[in-house]
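Presented below is the structure to which this report refers.
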Number of protein chains: 2
Amino acid sequence: MSEKTVHATVDDVAALAGVSTATVSRCLNAPDRVVPATREKVMEAIRALNYSPNFGARALASRRTGIIGAVIPTLENAVFAHGIDAFERSLSPGKFALLVASCGYDPEREKQQIEALVARGADGLLLVGFDRDPAIYEWLAIRKVPYVLAWACGDSHPYAGFDNVAGMAAMVRMVLDLGHRNVAMISGLTQGNDRARGRLEGARDLLAGEGLAFRGVAEVPYGLESGARAFAELMADRSITAVICGNDVLAAGALRAAHRMGLRVPRDVTITGFDDIDIASITFPELTTVRVPHTRMGEQAAALLQQLIEGKRGESVLLPTEIVARGTHAPPTARRRFAKA
Amino acid sequence: MSEKTVHATVDDVAALAGVSTATVSRCLNAPDRVVPATREKVMEAIRALNYSPNFGARALASRRTGIIGAVIPTLENAVFAHGIDAFERSLSPGKFALLVASCGYDPEREKQQIEALVARGADGLLLVGFDRDPAIYEWLAIRKVPYVLAWACGDSHPYAGFDNVAGMAAMVRMVLDLGHRNVAMISGLTQGNDRARGRLEGARDLLAGEGLAFRGVAEVPYGLESGARAFAELMADRSITAVICGNDVLAAGALRAAHRMGLRVPRDVTITGFDDIDIASITFPELTTVRVPHTRMGEQAAALLQQLIEGKRGESVLLPTEIVARGTHAPPTARRRFAKA
DNA sequence: TGGCGTGATGTAAGCGCTTTCATTTAGGCG
DNA sequence: CGCCTAAATGAAAGCGCTTACATCACGCCA
């Protein structure tokens, strides 16, 4: 196609340094298997020729690319952006690089992306959640591609994540302890999303344990508006005194809707979030939520995956979640007044 | 190292289909150069063997990887997360994949990351801003690696971005038109960051054009707290009636600080942001800011870069910015009262 | 002093695919 | 009906690197 600048190759370097290509290769891949004097000669030749190894050739010969793939729903969700950022930063520099692909919460697309990343030579994969077609796991097993799951936990696969069920249960526990009995939930879409499902179930089960049930549940797409709308609809039931949200964005939307409806938070209604992303401390009042260690999770996931890729066995890591009590929760008040909806 | 499952190779497919490897290769890379009947045979063999081409071999032989690299400061900044998300989604699926690397606003690290991505065979690069060591541009030119710059504009390189200077100037214009004369600015760090610098200069120049100057300028790192602290310090000057912020996060921090200081926004002080990320519509009151079309920018950048990679010539795209007038601006009020700082 | 072990280096065989060039095949036209 | 052209296919030469194995040099111990 286009003529290329003549790049130096191993042969050029070997010739200039007066050694064999094998030695050059060793200098780059296992420096301690070469005597310092030789190594220095080679390095100098490399510098002189401005040599840099050809990626394809290296991948072909060594059967490794040093590329790690990650498939996430979307970077627009700060949760994933932060996790991926930390993950990338924790990859051994020079050794691994990160190929990201998004699937927009679509399982079919996720499958394609996984295949695409593996086809591109990914040495390992970071995936979100456990919930996917078993065929994918089998395929990865056959292809011997190591992977780590994040943002969730379980016992069937290696993971670095946290317990969505328990995290949400703890939050609902707190809300009940405040005295609330008429609770509603705004959940993210649970279809093909075990994180959202876990949170919903965690809340539901805890209520059930107290002989209670939700006064209302809305399952809506991710988004501020989405949360706002759901909140408005839910609050038609005037008995509701607390609204549990599946994530902070939904909660922020609900909060905004509450303002617009003339409801005072937390006096008139308690609203809780999940994730503790930036926006949770920007809302007014600041959001009571469940903190998830996204950054540490990303780091741990990177560490674990790199171990697996190098053939070592690594332990899954379960990170703790924690309730961050800020300004959107309070005991229920009997007296409630509505402005226009 | 580890024994691998025997993967089918071109030879296997060729043998099963009863054709040559050249034909198999053509079926995959230029289907129309093969007669339908043959193609069908080959495709069936591929399916039967569950064949998928070896990435390294392909890269080696074709001198292309289908990998595009992007180096951004950090995904923690929603601006980049959204842009990159859109960029990735706009890459021709199956044809290109995205390798991301972050550099944490460090020019030296950016350089390393660029080299790392090119070493990993990136066919093209997406970079943020124009401002970098000329040696890098030369190096890319020698290596014949096409690139597109984003989040800024200029005339020395291909880009898909917007005009930080003009965007900020427009905002300051509006603030002046409201009657403000005592204006301060909270800028992001301008060191090695032409976007921040452009915004600062855009504001400064516009003021100068009116014979005015800032009553105060704080240059601080990205972050909520950072903005809050800067705001508190700046407001020690009681004459200030408007604080222009270099981005929404800084503005949100300022806004929070204002609340805590007992200042009412916009009555007591006008605060403006830049970017129009999610948080801008979550603050209370909602933030008046400059909207930047991050998503469209990502898409355009992807389109442009793909063109360049395929050897076509592409035009840079300059996207318009737009003032989003929400709730944090108002004419200055003489009467101002402070609570505790 | 000589055999031998040890570590450094060289030799060369691929890795699996693309692509150039040659060859075959199928038509089209006189 | 045969020759010429163009399209389809095949043969084979790399692409640049890694790595198993061979070789070599050296120093140690007996």
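In what follows, every chain begins at residue 1, and chains take the letters A, B, ... in the order their sequences are listed.
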What is the ring orientation for A:H294 with A:W151, classed by angle as parallel under 30°, tilted 30 to 60°, or perpendicular over 60°?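 If you compare the ring of A:H294 with that of A:W151, the planes turn out tilted.
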
Identify all side-chain donor-acceptor contacts of residues 298-309 of chain B below 3.5 Å with residues at least two apart in sequence or on another chain.
| unit_1 | atom_1 | unit_2 | atom_2 | d |
| --- | --- | --- | --- | --- |
| B:Q306 | OE1 | B:S92 | N | 2.9 |
| B:Q306 | OE1 | B:S92 | OG | 2.8 |
| B:Q306 | NE2 | B:S90 | O | 3.4 |
| B:Q306 | NE2 | B:A302 | O | 3.2 |

Between [X] and [N], is there a contact of a side-chain N or O with OP1 or OP2 at under 4.0 Å?
| X | N | value |
| --- | --- | --- |
| B:S20 | D:dG10 | yes |
| A:S25 | D:dT18 | yes |
| A:R63 | C:dC15 | no |

Rounded to whole Å, please give me the gap between CG in B:N54 and C1' in C:dG16. 6 Å

Rounded to whole Å, please give me the gap between CZ in A:R64 and P in D:dG16.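 It works out to 21 Å between those atoms.
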
Heavy atoms under 4.0 Å, any strand shown: does B:F55 hit a base, just sugar-phosphate, or nothing? nothing

On DNA chain C, nearest-nucleotide positions of A:R33 versus B:L60: which is more 5'? A:R33

Residue closer to the 5' end of DNA chain C, A:R39 versus B:V24 (nearest nucleotide):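 By nearest-heavy-atom nucleotide position, the 5'-most residue is A:R39.
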
Looking at every heavy atom in both A:C27 and A:V34, which two are closest together, and how far apart are they? SG-CG1, 3.9 Å

Counting side-chain heavy atoms from CB outward, which of [options] is closest to [X]?
| X | options | value |
| --- | --- | --- |
| A:V34 | C:dT18, C:dT11, C:dT9 | C:dT9 |
| B:T9 | C:dT19, C:dG16, D:dG16 | C:dG16 |
| B:T23 | D:dT18, D:dC15, D:dT9 | D:dT9 |
| A:T38 | D:dT18, C:dT9, C:dT19 | C:dT9 |

Roughly how bent is the helix from C:dT1-D:dA30 to C:dG30-D:dC1 end to end, in steps of 10 degrees, with each end axis from five pairs? 40°

Set of residues satisfying side chain to side chain contact (heavy atoms under 4.5 Å, CB included) with respect to A:A57, sequence neighbours excluded: A:N54, B:L60

I'd like to know if B:R26 reaches the base of D:dG10 with its side chain, counting only an N/O donor and acceptor under 3.5 Å. yes

Verdict with supporting geometry, B:N77 and B:Y222, side chain to side chain donor-acceptor pair (under 3.5 Å): CA-CA 9 Å; B:N77 187 327; B:Y222 183 82; 3.3 Å; yes

Any chance CD of A:E44 has more than 12 other-residue heavy atoms, nucleotides or ligands included, within less than 6.0 Å? no

Answer yes or no: does atom CD of B:E40 have more than 12 heavy-atom neighbours from other residues, nucleotides or ligands under 6.0 Å?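 Enclosed: over 12 neighbouring heavy atoms sit under 6.0 Å from CD of B:E40.
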
Mapping B:D32 and B:A57 to their closest nucleotides on DNA chain D, which lands nearer the 5' end? B:D32

